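Heads up, the thing below is written out as structure tokens.
Numbered from 1 within each chain, the chains take letters A, B, ... in sequence-line order. Here the structure is a predicted model, which means the values were calculated and not measured.
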Amino acid sequence: MNKFKKITSSSMFLPLFALGILLLFNIVFVNDFLAISMENGHLYGRLIDILSRSSSLIILSLGMTFVIATSGIDISVGAVVAISAAICCMLIGGRGDGIPEHPMILAMLAGIGIGVICGIWNGLLVSKIKIQPVVATLILMVAGRGIAQLLTQGQIITVYYKPFSYIGANIPGSILPTPIFIAALMVLLVILILKKTSLGLFIQSVGINPTASRYAGINVVLIIFLVYAFSGFCAGVSGLIESSLIRAADANNAGLNMEMDAILAVALGGTLLSGGKFYIGGSIIGAITIQTLTTTMYAIGVSSDQLPVVKAITVIILCLVQSKKFQTVFNSWKNKRQSQKVVDRT
Amino acid sequence: MNIRSRLSTAIASQYFPFFVTVSLFIILYIAGIMNYRGFTHAQVFYNLFIDNAPLIIVTVGVTFTLLIGGIDLSVGSVVALVCMSLAYLLKNTSIPVFAAVPLVLLIGIAVGFIQGYLITMFDMQPFIITLAGMFFCRGLTAVISRNTIIIDNPAYAALASERIRIFDTGFISVGAIVAIIVLILATIFLKYTKTGRTIFAIGGSESSASLMGLPVFKTKILVYIISGFCSALAGIVYSWIMLSGYTLHGLGMEMDAIASSVIGGTLLTGGVGFMPGTLFGVLIQGIILTFITFQGTLSAWWTKIVVGALLCVFIIMQALITEHKNKLSSSSSIKSDK
């Protein structure tokens, strides 16, 4: 019993449990779910697909985990993804003969750079001017898609330059899709930062009590600023993947509703939305779970515009489980029932 | 009292953001008259109300939630859900219009109640619950139908195209009148009823309000119900404009509503706001759109950028005013100590 309790109370339990159920469901109901085949030197299969499609979400939820750990939130990531995609595709250019107008590496750096700039903007508003995070990032969420449309002149820029598609698909010669490597690289970077510096501890303490952290000598303003800048950086990177997947910049649809998925992934991973202790591993598993959920829903015939119903219900249940008040209400109800049972027996 | 201290008390006044908004609106209007000949027509002014009637109603609801320090992001999708349900009911069932309208209003009330109950009962963040509500309603709209449903009920269409003349200077739609009535009722409700003042008290400090013995729990749920009801009503007014139900109706309306409310002087931390200000917040957005139509060469995305910029300016102004107020109150307390 004690062991069982220890397992269920572990932070990784909930996301792994949800992922397990979803995978089991898929294995039973979807044909050839586990099959992985080798074609033209690339690995193909549903599992690879899920992992590759969840990469951009994993990257976003890395940034979001830190933001939420400082008891903030960044709802502009979807719009930042659109801006980054727009800049990148605009610099490469939509020339039909497949010749880039600017070197691709420059375009990629510009895409990531604009993401960082957006993050810095959010960070300044939240840390320096002290506006609530929801509202501060709301500004960019409203204006962001407008800016992206301004950059692309309201059109969808299609990129015919061949190497650009490698970011979202396979680099010739590699057997796994590139997004998986990018996500792995980002995860590695985050782990390195957490292991080699005490930033993780600082972020956590800022999330628990900013005033106390300031008295303890932590530069709270800087930490909050960095967290939002990093979230922007992550959004910039996933903007590259998103635009490369469709080989175009679609200002209206790139990264649409991704902020919701990222928040969901972080919440599923066990990080409390009120800030404090955070779990990077949980967020990563959470992101994969969300993507599996999406793929499963598509597989059983739920259309993309009906999918939000399922996700919304998941969010509400998750928040309920996390809510302290719900736990106390639930516990008192359970105690009452148990004492009722005892009374019945006697 | 010298000019400087008078100015600083004026800035700290509750109505300062309202005056800024109204002056901005007047300046924009004068600029319009000076640049484009068509702007002098009274109908241009009436059109602001006709086109933005749903947004005015939604903004009234959102302002209520902002006043208690909450937020409601589900409003836009409730508008879509209500439009779609109404279209579905009129098309596929024999329910008459006068029964269908209260039925869809109930949807809004139900959504508002569930959200309000979850937020209040379990102390959950209003932002995350209403975000989930937004996705839920938008998804439910797609579950009802993924295609556009046209409303072709003759009685309903006649009501939608009804135009009321105003002193031979132009005309106004039924929706605009509904919007103005809602605005007036909300202003009176906030200013002159017990519940209205309780809302301000909760926004100021929830724990103080509950220590004062005010019915915090009930009022908070009521506020979300009002917001849900307003968005359902806005959905009906929206269906008079669109005469159809579609999944993407009212997309992004929650952001427009919050932006209007903030531009109209509602403080996002709660407790401060003036309902007529929200009207001007909406009208400013409308006038920017009118500018873009009159100009002809600008594209619609400029509205988003300009509204985003305005939102930013007003939010920063709010932050500065709050800081100024804090300084003022601390300096006045020092004075009274002496």
For each of B:Val262, B:Ile129, B:Ile128, tally heavy-atom pairs with chain A at distances under 4.5 Å, and name the one with the top tally. B:Ile128
Answer with side chain, backbone, both or neither: which region of A:Val134 has an atom nearer than 4.5 Å to a non-hydrogen atom of chain B? side chain
Nearest-0.5 Å distance, CD1 of residue B:Ile284 to OG of residue B:Ser260: 9.0 Å
With a 4.5 angstrom heavy-atom cut-off, could you sort out which part of B:Ile258 is near chain A: side chain, backbone, both or neither? side chain
Which of the residues B:Leu140, B:Ile315, B:Ile71 is involved in the greatest number of heavy-atom pairs with chain A at under 4.5 angstrom? B:Ile315
Atom group of B:Phe127 that falls short of 4.5 Å from chain A, counting heavy atoms: side chain
B:Phe136 side chain reached by A:Val315 side chain, heavy atoms, under 4.5 Å: no
Specify which of A:Val310, A:Ile313, A:Thr314, A:Leu320 makes the most heavy-atom pairs with chain B at under 4.5 Å. A:Leu320
Given 3.5 Å as the limit, does a donor-acceptor pair link the side chain of A:Gln153 with the main chain of A:Leu150, or not? yes
In terms of heavy-atom pairs under 4.5 Å, which option from B:Gly139, B:Gly308, B:Cys137 contacts chain A the most? B:Gly139
Residue B:Leu248 versus chain A: region with a heavy atom under 4.5 Å: neither
What part of A:Ile263 gets closer than 4.5 Å to chain B, counting heavy atoms only: side chain, backbone, both or neither? side chain
Check each atom of A:Gln132 against the heavy atoms of chain B and say whether the ones under 4.5 Å are side chain, backbone, both or neither. side chain
Distance (rounded to the nearest 0.5 Å) between A:Lys311 NZ and A:Met297 CE: 10.0 Å
Check: B:Val75 and B:Ser227 side chains under 4.5 Å, non-hydrogen atoms: yes
Give, as side chain, backbone, both or neither, the part of A:Leu307 having an atom under 4.5 angstrom from any heavy atom of chain B. neither
Could you verify whether a donor N or O on one side chain and an acceptor N or O on the other, from A:Thr65 and A:Ser283, lie under 3.5 Å apart? yes
So, the part of A:Leu264 with a heavy atom under 4.5 Å from chain B: the answer is neither
Quick check on the interface: out of A:Leu125, A:Val302, A:Ile73, who has the most heavy-atom pairs with chain B under 4.5 Å? A:Ile73
Any side-chain donor paired with an acceptor under 3.5 Å for B:Thr141 and B:Thr247? no
Would you name the heavy atoms of A:Ser56 and A:Met258 that are closest together and state the gap between them? OG-CE, 3.5 Å
Look at A:Leu273, A:Ile131, A:Ile129 and state which one has the largest set of heavy-atom pairs under 4.5 Å with chain B. A:Leu273
Establish, from distance only, whether the side-chain atoms of B:Asn147 and B:Ser145 form a donor-acceptor pair under 3.5 Å. no
